[in-house]
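Throughout, protein chains are lettered first and strands after them, A, B, ... in sequence-line order, and every chain is numbered starting at 1.
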Number of protein chains: 2
Amino acid sequence: MLISAANDANLDHLLPPLRALADPLRLRIVHLLARESLCTCHIVEATGARQTNVSNHLRQLRDAGLVHAEPRGRFTYYRLDTDAVRALGAELTGLADAADQSGDHDIPRTCP
Amino acid sequence: MLISAANDANLDHLLPPLRALADPLRLRIVHLLARESLCTCHIVEATGARQTNVSNHLRQLRDAGLVHAEPRGRFTYYRLDTDAVRALGAELTGLADAADQSGDHDIPRTCP
DNA sequence: CGCTGATATCAGCATCGGCTGATACGTTAA
DNA sequence: TTAACGTATCAGCCGATGCTGATATCAGCG
């Protein structure tokens with residue numbers, strides 16, 4: 001049975017999305033895109049950051065699979081990949097639940 | 001009604017735990033602590049990293065509220081704060097759910 | 001007591017990552 | 001077609017951050 005992709009015995013696959021979210025401006029962009037899809041110029045206006053900077057951050061969010069770009073004419077609309085965000089959240093809650101179940105937290109292993 | 005602390009209109013409070021998790025070694029440590037509480041020397045052994053390095057990372061995890069230190073004699077046992085991990089996961093899934101509900105993703109706002 | 005071992009702190013170094021300005025590319029409008 | 005606009009890419013700078021070695025601290029044991 002496969003609860004989630006977390007059954008890889010390690011959590012390395014969570015690093016790209018975690019790293020992508022662990023930046024104030026990128027987290028802000030994700031928050032904006034959670035309300036509605038926006039094009040780059042909207043994000044530039046809303047954040048006050050330079051266009052080139054926003055574009056760089058959008059690339060990292062894209063590479064991490066958290067957002068998707070939809071070019072329309074000369075604009076590029078970005079939408080949040082809600083499945084990716086939800087999957088990350090689910091893996092974290094799943095990790096917490098699994099930790100609560102394994103009862104070896106009150107009986108510490110003896111030290112060498 | 002207060003679903004979660006996410007109703008702050010911004011997600012800045014998620015940055016400390018996200019930054020703490022967005023590092024390979026720290027994520028590995030969190031994963032180890034999800035199985036059982038461990039003291040520093042166990043983590044040093046399991047990761048192969050230097051003691052001073054592990055100690056520095058444990059401090060960051062502590063500052064982010066993801067783990068708690070429990071000194072016992074000359075050892076210090078660390079346990080995962082599963083509530084903190086679960087809360088982070090819940091906020092992310094909640095953000096994804098909220099994004100899915102707000103239907104403004106197919107009708108992009110017009111560009112200036 | 002002094003010694004050993006576990007842990008934390010600190011300063012220094014090296015690397016990474018974010019910000020910027022310049023620039024290139026593609027699209028729409030005049 | 002040309003000009004203007006939206007966007008992406010690139011190189012460079014600089015501050016942030018991870019890693020290390022040295023050292024301090026503290027508990028338990030001889």
Side-chain angles (χ1 to χ4, degrees), chain A residues 11-12 15-33 36-79 108-112, chain B residues 11-12 15-33 36-79 108-112:
Chain A
L11 304 177
D12 291 355
L15 269 175
L18 283 173
R19 291 178 62 95
L21 291 177
D23 175 89
L25 184 48
R26 287 196 294 270
L27 189 59
R28 180 112 190 279
I29 293 174
V30 165
H31 196 194
L32 288 170
L33 294 178
E36 55 181 338
S37 291
L38 297 171
C39 75
T40 308
C41 62
H42 290 140
I43 300 172
V44 169
E45 188 188 5
T47 60
R50 308 295 177 90
Q51 178 269 326
T52 194
N53 191 16
V54 168
S55 191
N56 282 329
H57 282 296
L58 284 171
R59 188 184 210 302
Q60 293 185 243
L61 289 170
R62 231 186 313 143
D63 290 347
L66 291 177
V67 307
H68 293 284
E70 298 176 356
R72 300 198 190 182
R74 63 176 155 174
F75 306 112
T76 304
Y77 277 85
Y78 282 89
R79 67 174 177 82
R109 189 201 297 186
T110 57
C111 251
Chain B
L11 304 178
D12 290 354
L15 269 174
L18 283 173
R19 290 177 61 93
L21 290 177
D23 175 89
L25 185 48
R26 286 196 294 270
L27 188 59
R28 180 112 189 278
I29 293 174
V30 164
H31 195 194
L32 288 170
L33 294 178
E36 54 181 337
S37 291
L38 297 170
C39 75
T40 308
C41 63
H42 291 139
I43 301 173
V44 168
E45 188 188 4
T47 60
R50 308 295 178 87
Q51 176 270 325
T52 194
N53 192 16
V54 168
S55 191
N56 282 329
H57 282 295
L58 284 171
R59 189 184 210 301
Q60 294 185 243
L61 288 171
R62 232 186 311 143
D63 290 346
L66 292 177
V67 307
H68 293 284
E70 297 176 357
R72 300 199 189 181
R74 62 177 156 173
F75 306 112
T76 306
Y77 278 85
Y78 282 89
R79 67 174 178 82
R109 187 202 298 185
T110 57
C111 250

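Sequence order on DNA chain C of the closest nucleotides to Ala22(A) and Arg50(A) puts Ala22(A) first from the 5' end. The residue among Asp23(B) and Asn56(A) whose nearest nucleotide of DNA chain D is located toward the 5' end is Asn56(A).
Here the OG1-CG distance, from Thr47(A) to Leu25(A), works out to 5.5 Å after rounding to the nearest 0.5 Å. To the nearest 0.5 Å, atom OG of residue Ser55(B) and atom CD of residue Gln60(B) are 11.0 Å apart. Residue Leu38(B) holds its CG atom at 12.5 Å from OG1 of Thr76(B), rounded to the nearest 0.5 Å.
In this structure, Gln60(B) atom CD and dC19(D) atom C1' are separated by 12 Å, rounded to whole Å.
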Legend entry - Under 4.0 Å protein heavy-atom contact, by nucleotide of nucleotides 22-30 of chain C - B base, S sugar-phosphate only: B----SS--
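Side-chain nitrogen and oxygen atoms of Thr76(A) include none within less than 4.0 Å of the OP1 or OP2 phosphate oxygen of dG6(D). Contact between the side-chain N/O atoms of Arg59(B) and the OP1/OP2 oxygens of dT9(C) is found at a separation under 4.0 Å. For the OP1/OP2 pair of dA8(D) and a distance below 4.0 Å, the side-chain nitrogens and oxygens of Tyr78(A) include at least one atom meeting the criterion. For His42(A), no side-chain nitrogen or oxygen approaches OP1 or OP2 of dG6(D) to under 4.0 Å.
Side-chain proximity of Thr40(A) to dA8(C), dA8(D), dG21(D): nearest is dA8(D).
Take Asp63(A) and apply the salt bridge (charged side-chain N to carboxylate O under 4.0 Å, His left out) test, not counting sequence neighbours, and it matches Arg59(A). Residues satisfying the salt bridge (charged side-chain N to carboxylate O under 4.0 Å, His left out) test with Arg28(A), not counting sequence neighbours, are none.
Counting non-hydrogen atoms under 4.0 angstrom, Ser55(B) reaches a base of the nucleic acid.
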Inset, instruction - Given side-chain contact (heavy atoms from CB on, under 4.5 Å), test Ile43(A) with Leu33(A) step by step and report yes or no. - result: CA-CA 9 Å; Ile43(A) 300 172; Leu33(A) 294 178; 4.2 Å; yes
